[in-house]
Amino acid sequence: MSEPDPKREVERKIEELRQELRRHEHLYYVLDAPKIGDAEYDALMNELKRIEAAHPEMITADSPTQRVGGKPAEGFKKAQHSRPMLSLDNAYNAEELADWDRRVRELAGSLPVEYTAELKLDGLSVALVYQPGSDPNSDGDAQLTMGLTRGDGQTGEDVTSNIRTIRSVPLSIPANLVQRLRSPQGQGIEVRGEVVMPEAAFLRANEEREREGLPAFVNPRNSAAGALRTLEPSIVANRRLVFFAYFLLVNGEYFAAGQTATLETLSALGFRVNSHRKRVTTVEEMMRFIDHAESQRSELGYEIDGVVLKVDAHATQQRLGYTGRAPRWAIAYKFTAKAGVTQVKEITVQVGRTGKLTPVAELAPVFIGGTTVSRATLHNADFILGLGLRIGDYVKVERGGDVIPKVVEVVEDAEHPRGNQHFEFPSVCPECGSEVVREEGEADYRCVNADCPAKLRETLLHFGRREVMNIEGLGEAVVQQLLDRGLVRGVADLYTLTEEQLLGLDRFAEKSAQALLAEIAGSKRAGLARVLMGLGIRFVGERTAELLAAEFGSMDALMAATAEELERVEEVGPRISQAILEFFLAAANRALVENLQHAGVEMTAEKKQRTAQLAGLTFVLTGTLPTLTRDEAKQKIENAGGKTAGSVSKKTSYLVAGEEAGSKLDKARELNIPVLDEAGLLALLAGQAPPR
Ligand code: IVH
């Protein structure tokens with residue numbers, strides 16, 4: 001009987017966990033039918049991470065733990081598309097579709113003409129390349145080797161590191177499926193499709209940007225585009241992008257017989273394919289699908305801007321061919337933006353948490369694309385000027401992506417006379433009467449009064465938000481009353497509220513008062529990151545707050561930090577460090593922190609582990625390591641408390657030697673100093689004895 005091989009056992013366990021995680025990712029992100037909850041998924045993931053950390057040599061690029069990796073060192077490289085990524089010709093009505101259908105049938109001659117109707121997803125097209133055998137550790141699987149943006153259609157940007165973070169993109173295609181595609185050597189497997197940002201993720205991203213004082217994205221498409229071009233994969237992962245596949249090339253050629261079969265193959269390969277699609281033959285059927293798609297539009301959860309009709313059979317597609325810029329075998333039916341005309345009754349001005357003044361058009365209610373619109377933002381003074389808008393004007397309001405209504409132009413004709421009241425941007429704050437200023441180069445006016453009640457109200461509301469201190473029940477009505485009655489003058493006062501005081505407010509009884517007090521008391525344990533967010537420091541949103549908290553571990557340490565120390569934190573640059581320093585320079589803000597501390601608000605966080613495994617040890621690096629650069633290895637050693645030196649001496653604890661190690665290796669042997677390879681170093685870092 002042979003002993004069980006421990007290494008094989010570990011390999012088997014790792015593979016089992018990976019398969020399990022991939023299965024659940026597929027269920028959740030591709031099929032939209034999760035079988036387990038987040039906690040269970042996280043537990044599996046953590047177990048895999050733990051085992052991989054102990055056996056770093058077994059990590060493969062397509063492991064579910066490897067989605068969020070390092071940033072591309074020198075920005076994005078350009079790369080050539082295997083064949084051009086074309087655009088589509090447009091149609092806007094049934095007649096134009098009928099014209100196109102006629103042309104298709106003429107050119108197709110005796111070949112079959114049937115169409116696939118698909119949604120036109122409003123995102124960015126990307127091309128993904130999978131190569132079999134590119135990872136020697138996983139035989140036969142095809143690994144995702146490149147993700148390219150469309151670019152100019154000929155060359156795109158290599159955004160692979162960001163594409164990898166999209167959970168609906170498989171990191172590899174299993175060998176048994178690759179085999180079914182029949183020896184796809186050479187150019188490998190290429191999958192094209194659309195990256196979209198779901199509306200929920202878009203709204204969340206914009207809330208975050210608003211909190212950080214950054215301009216909002218205008219629509220999910222721009223937001224997705226911005227995400228794909230971000231150089232920090234962890235940020236992209238946070239944007240929850242989704243990839244829908246609709247095009248497949250195997251070794252540079254069409255694989256399936258037609259578009260319907262292509263979509264089925266893509267689905268079998270593990271890709272997410274949009275389920276809203278239909279085989280149609282007549283223009284009437286096309287229009288029925290289009291009308292249905294348009295009526296479903298606001299319920300999809302992601303944006304579409306039309307329907308794409310494609311000749312189904314690839315043989316017919318090939319006969320039809322391409323014009324310079326677009327295929328003759330496909331056409332995009334574009335929805336026209338939903339618009340309505342209505343009157344601007346009034347322009348009001350809102351004051352935000354940072355004191356920013358935002359003009360808002362108060363509209364005569366108008367029904368557009370399924371909802372009643374009665375207000376629309378006018379952004380800032382320049383926007384109003386650009387429109388030439390007066391109060392009383394009729395305006396065209398559009399709901400393009402079905403998200404936020406936009407005032408697009410002033411309408412003037414016999415039925416819609418011009419308004420006659422010019423709008424003057426207020427020179428004083430509409431809430432407190434203080435002066436408002438517009439700084440050079442900025443579009444916005446701000447109220448200068450630090451104690452402006454509007455700022456205070458918005459600050460309190462922000463403080464109580466779920467993502468911040470999570471005080472349930474601290475809504476607008478309550479905050480307004482607390483302010484009106486002079487019960488709070490700042491967030492710290494929340495912690496001294498009494499049951500008696502709350503009972504004096506409208507609609508408060510013993511039970512509700514106690515519940516709110518319990519919520520407030522509970523928020524004391526929200527932790528440093530949330531307190532930092534709650535303070536409302538410019539540019540410090542959720543992620544930055546978390547990174548700062550993990551780095552400094554306490555408010556005191558953070559407040560004592562220099563610009564240089566702050567900028568050591570990932571994602572913190574001069575702009576953010578400046579904002580933090582300025583914030584804590586103001587006496588009022590320091591007093592606020594002190595008051596919160598007095599109230600018992602905890603301001604500590606678990607510090608990022610500066611592990612000290614290697615404390616007291618000195619390393620010398622030589623030769624080329626298989627995956628780490630010299631700098632990365634040095635960084636890892638120092639982060640774990642070790643030292644590095646340039647030459648081998650009796651004081652050297654370990655020599656880390658890669659390929660083509662030279663005289664240092666000889667010297668180490670001579671002095672009997674232990675020599676590690678990269679795996680040995682990683683094992684040591686993971687807290688294990690290095691393999692002998
Ligand atoms: S097929 C040869 N199908 O629309 C062109 N495109 O306006 C193949 N798009 O660049 C494109 N949804 O980014 C196709 N279901 C779909 C689509 C789709 C969105 C985008 C794609 C393309 C643009 C053209």
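Each residue takes its place number in the sequence, starting with 1. Read the numbers this way: they start at 1 and go in the same order the structure lists the ligands and their atoms.
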Peer 1: Taking the six-membered ring of Y322, is NZ or CZ of R328 closer than 6.0 Å to its centre and within 45° of its axis?
Peer 2: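 R328 over Y322 ring: no.
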
Peer 1: Do R239 and T230 get their side chains close enough for a donor-acceptor pair, meaning under 3.5 Å?
Peer 2: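 No donor-acceptor contact under 3.5 Å links the two side chains.
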
Peer 1: Return the closest protein heavy atom for atom 2 (C) of ligand 1 as residue, atom name and distance.
Peer 2: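 Atom 2 (C) of ligand 1 sits closest to the protein heavy atom P327 CG, 3.6 Å.
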
Peer 1: Give the residue and atom name of whichever protein heavy atom lies nearest to atom 12 (N) of ligand 1, and the separation in Å to one decimal.
Peer 2: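 The protein heavy atom lying closest is L121 N, 3.0 Å.
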
Peer 1: To the nearest 0.5 Å, what is the distance between CG on N162 and CD1 on I235?
Peer 2: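 Rounded to the nearest 0.5 Å, the CG-CD1 separation comes to 9.5 Å.
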
Peer 1: Please determine whether any non-hydrogen atom of I304 lies less than 4.0 Å from an atom of ligand 1.
Peer 2: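 Heavy atoms of I304 never come under 4.0 Å of ligand 1.
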
Peer 1: Is a donor from one side chain sitting under 3.5 angstrom from an acceptor on the other, for S172 and D62?
Peer 2: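 Yes.
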
Peer 1: What atoms of ligand 1 come within less than 4.0 Å of a heavy atom belonging to L86?
Peer 2: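 It comes down to these atoms of ligand 1: 5 (C), 10 (O).
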
Peer 1: Tell me, which protein residue and heavy-atom name are nearest atom 13 (O) of ligand 1, and how many Å apart are they?
Peer 2: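 Nearest neighbour among protein heavy atoms for atom 13 (O) of ligand 1, to 0.1 Å: E194 OE1, 2.8 Å.
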
Peer 1: State, without any angle test, whether T149 and E157 hold a side-chain donor-acceptor pair at a distance under 3.5 Å.
Peer 2: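 There is no such pair (donor and acceptor under 3.5 Å, judged by atom type) between the side chains of T149 and E157.
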
Peer 1: Write out the residue and atom name of the closest protein heavy atom to atom 4 (O) of ligand 1, then the distance separating them to 0.1 Å.
Peer 2: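 Answer for atom 4 (O) of ligand 1: K120 NZ, 3.1 Å.
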
Peer 1: Identify, for atom 8 (C) of ligand 1, the protein heavy atom at the shortest distance, and state residue, atom and that distance.
Peer 2: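 Atom 8 (C) of ligand 1 sits closest to the protein heavy atom L88 CD2, 4.3 Å.
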
Peer 1: Does the side chain of E264 pick up a donor-acceptor pair with the side chain of T260 at under 3.5 Å?
Peer 2: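 There is no such pair (donor and acceptor under 3.5 Å, judged by atom type) between the side chains of E264 and T260.
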
Peer 1: Can you list the ligand 1 atoms lying under 4.0 Å from a non-hydrogen atom of S125?
Peer 2: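 Listed by number with element: 10 (O), 13 (O).
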
Peer 1: Give the residue, atom name and distance (to 0.1 Å) of the protein heavy atom nearest atom 15 (N) of ligand 1.
Peer 2: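 Here the nearest protein heavy atom works out to E118 OE1, 2.8 Å.
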
Peer 1: Can a non-hydrogen atom of K310 be found less than 4.0 Å from any atom of ligand 1?
Peer 2: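 True for this residue.
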
Peer 1: Is NZ or CZ of R192 both nearer than 6.0 Å to the six-membered ring centre of F243 and within 45° of the ring axis?
Peer 2: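 Verdict for F243: no cation-pi partner in R192.
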
Peer 1: Does A332 come within less than 4.0 Å of ligand 1, judged by its heavy atoms?
Peer 2: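 The answer is no: ligand 1 sits nowhere under 4.0 Å from a heavy atom of A332.
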
Peer 1: Distance only, no hydrogens: is a donor on one side chain within 3.5 Å (strictly under) of an acceptor on the other, for T165 and R67?
Peer 2: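 No, no side-chain donor-acceptor pair sits under 3.5 Å.
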
Peer 1: For S87, is at least one N or O under 3.5 Å away from an N or O on ligand 1?
Peer 2: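 Among all N and O atoms of S87, none is under 3.5 Å from an N or O of ligand 1.
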
Peer 1: Decide if the gap between the ring center of F271 and the ring center of Y130 is smaller than 6.0 angstrom.
Peer 2: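 Aromatic pair counts; centres sit under 6.0 Å.
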
Peer 1: Among all protein heavy atoms, pick the one closest to atom 17 (C) of ligand 1 and tell me residue, atom and distance.
Peer 2: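 In this structure, atom 17 (C) of ligand 1 has Y246 CE2, 3.5 Å as its nearest protein heavy atom.
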
Peer 1: Out of all atoms in ligand 1, which are within 4.0 Å of some heavy atom of L119? Include the element for each.
Peer 2: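 In order of number, 12 (N), 15 (N), 16 (C).
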
